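Because the structure is a prediction, the values reported are computed rather than measured. Positions are given from 1, in the same order as the sequence printed here.
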Amino acid sequence: MTFLHLLPFILMVQRTWAMKLYGSPASYLEYSGVSLARSGSIELEFEPSATATGVVLYADSQGHSSDFMFVNLVLLHVSVIIASDGNTQQFSFNKTAAHSWNRLSAQRTEQGINLTLNEEQVYINLGVRNWNISSHLFVGGLPNTTSLKQLSYPNVYYKPHYSGWIQNVVYDAGDYWFTEATLVSWSSVKFQSEDEQCMNLNPCTNYGACIVEEGADPSCRCRKGFEGPTCRHFVAPKPSPASLQFAGEGYLVKGGIPSDTFTSFLLNVEFKTASPDGLLALIDVSPHHFISLGLADGFVTVQFSRSTARGEAENRQLLITRGANTSFSDAAWHSARLSVQANHARLDVDNLIQKRLTFGGDGPELTSEPRGAIFIGGHSPNMTRHRPLVKSNLFGCLRNVSFLTLT
């Protein structure tokens, strides 16, 4: 199965650090507990200096195999080297911009890895299910006490160290819940939030970095995908004009999304399929709260399963048809727009057909689970907690998929 990044990571964390590395041989960050053996993902953001050249990220198997992942920066060009089962692959991204934040993520799939730098993405087929990457994660360089015998790629020890800022190093163990990676050691690093005001009263959410200018109150430097004085507002990504093809098995997923995001939102998707059944999108919050959008017998259908503020279960459905002899599984492009605001929902198809739905007066209760996930094009066959009306993954194409919070 193929997992791709569709939406930016959305994380609700009250405190984080922005760290400056100076490019000296002693400068590095070391994080523990990172494993990409069969699932999971890692992400970080970096703001390089104008002449930055050096190690951005390195992880391997701690000497148990030849597998490793090495991300290097050479005059603002990012290159990636990945080794799996003795085979080495290399890829170079477009040039990054100095003194601006760049987001780098690596997400495991069943037999490969998706690498994303800002809006550019590449898929690398590892050819194996078990990729032996389970070790400490090094950012900016390696400590001078590192033993070359324990490195799957000893040359990384001699590479220059990175010069610039690092923030938001996060890790997902494969269950779509993202946590801040544990920093266990460092050297020659400046922590930008080492200020009493930021330590005692940090206003920044969603991994925003707290900054204190001389004589001013704390302010926030927001990560990509968020804006506002405290970084609380989610910025919807620009939809891609390219289409993605699904073969009835793959899907896209983005987890770690705050559940209150789903109280009021707008979901847009364009689809083309000849199959009468297929899941377009699934918003998964808890065993008793999900929203599915898909095709059932050629009809566009939305299924709501929610808990009200009184704790009562509520299951509702919207169904849109085209007529007795026509359906939406005609291998032509169609658009679907689902908007939810508090206890009201509206489904528009092809900007012509519209259905509305009103929930119970108290509206949905979303606080039982802090975070949820969005699945696009299908979901994992291992997900047994939900029974959506549309059970099949999509066999067709999607494009212009976007998700926008309305709060």
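- Judged by distance alone, with hydrogens and angles left aside, the side-chain atoms of Asn102 form a donor-acceptor pair with the main-chain N or O of Ser100 at under 3.5 Å.
- Listed for the Asn268 side chain is no donor-acceptor partner under 3.5 Å among the backbone atoms of Val401.
- Considering CD1 of Ile166 and CD of Glu47, their distance stands at 10.0 Å, rounded to 0.5 Å.
- Between Cys231 and Cys220, the two SG sulfurs stay at or beyond 2.5 Å from each other.
- Using a 4.5 Å heavy-atom cutoff, the side chains of Phe375 and Asn393 are not in contact.
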Exercise. Could you walk me through whether Tyr162 and Val55 pass side-chain contact (heavy atoms from CB on, under 4.5 Å), step by step?
Key: CA-CA 5 Å; Tyr162 166 81; Val55 178; 5.6 Å; no
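- Between atom OH of residue Tyr251 and atom CG of residue Leu282 there is a gap of 11.0 Å, rounded to the nearest 0.5 Å.
- Inter-residue side-chain proximity for Asp60 and Leu151 is flagged as met; some heavy-atom pair is nearer than 4.5 Å.
- Taken from CZ in Phe46 to CH2 in Trp101, the straight-line distance is 10.0 Å, to the nearest 0.5 Å.
- Closest non-hydrogen pair, Ser49 versus Leu76, comes out as O-CD2, 3.5 Å.
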Exercise. Show your reasoning for whether side-chain contact (heavy atoms from CB on, under 4.5 Å) applies to Ile82 and Phe91.
Key: CA-CA 9 Å; Ile82 288 180; Phe91 178 82; over 6 Å; no
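- With His334 as reference, Asp350 is the one residue of Asp350, Leu295, Thr273 to meet the side chain to side chain contact (heavy atoms under 4.5 Å, CB included) rule.
- Among Tyr157, Tyr153, Phe138, the one residue that satisfies the ring pair (Phe, Tyr, Trp, His ring centres under 6.0 Å) test with Phe70 is Tyr153.
- The local environment of CD in Gln90 is crowded, with over 12 non-hydrogen atoms from other residues, nucleotides or ligands closer than 6.0 Å.
- Taking 4.5 Å as the limit, every side-chain heavy atom of Ile376 sits out of range of all side-chain heavy atoms of Val269.
- Here the closest heavy-atom approach between residue Leu267 and residue Ala281 is recorded as CD2-CB, 3.7 Å.
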Quiz item: Is there a side-chain contact (heavy atoms from CB on, under 4.5 Å) between Leu57 and Met69 once you walk through the steps?
Solution: CA-CA 8 Å; Leu57 178 152; Met69 179 171 61; 3.6 Å; yes
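- Side-chain atoms of Val156 and Phe68, non-hydrogen and from C-beta on, never get closer than 4.5 Å to each other.
- For the residue pair Asp67 and Ser84, the shortest heavy atom distance occurs at OD1-CA, 3.3 Å.
- Of the candidates Val184, Val169, Leu183, Val169 is the only one forming a side chain to side chain contact (heavy atoms under 4.5 Å, CB included) with Leu137.
- Scanning all heavy atoms of the two residues, the minimum distance from Ile291 to Leu338 falls at CG2-CD2, 3.9 Å.
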Quiz prompt | Residue pair Ile113, Gln89: steps toward the side-chain contact (heavy atoms from CB on, under 4.5 Å) verdict | solution = CA-CA 12 Å; Ile113 185 168; Gln89 302 182 62; over 6 Å; no
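- When side chains are defined from C-beta on, Ile124 counts as touching Leu115, because their heavy atoms get closer than 4.5 Å.
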Under 3.5 Å, which donor-acceptor pairs do the side chains of residues 140-147 form with other protein atoms, sequence neighbours left out?
residue, atom, partner, partner atom, Å
Thr146, OG1, Pro143, O, 2.8
Ser147, OG, Lys149, N, 3.4

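- Between Phe271 and Val300, some side-chain heavy-atom pair lies under the 4.5 Å cut-off.
- Of all heavy-atom pairs spanning Ser335 and Glu270, the tightest one is CB-CG, 4.0 Å.
- At least one side-chain heavy atom of Asp297 sits less than 4.5 Å from a side-chain heavy atom of Asp277.
- Not one N or O on the side chain of Ser66 forms a donor-acceptor pair closer than 3.5 Å with the backbone of Ser152.
- Shown here for Ser188 and Ala26, the closest heavy-atom pair between the two residues is OG-CB, 3.7 Å.
- Interatomic distance, Thr53 OG1 to His77 NE2, rounded to the nearest 0.5 Å: 10.5 Å.
- Applying the side chain to side chain donor-acceptor pair (under 3.5 Å) rule to Ser185 yields the partners Tyr28, Glu30; only residues at least two apart in sequence or on another chain are considered.
- Proximity of Met19 to Leu29: side-chain heavy atoms (C-beta onward) are separated by under 4.5 Å at one or more points.
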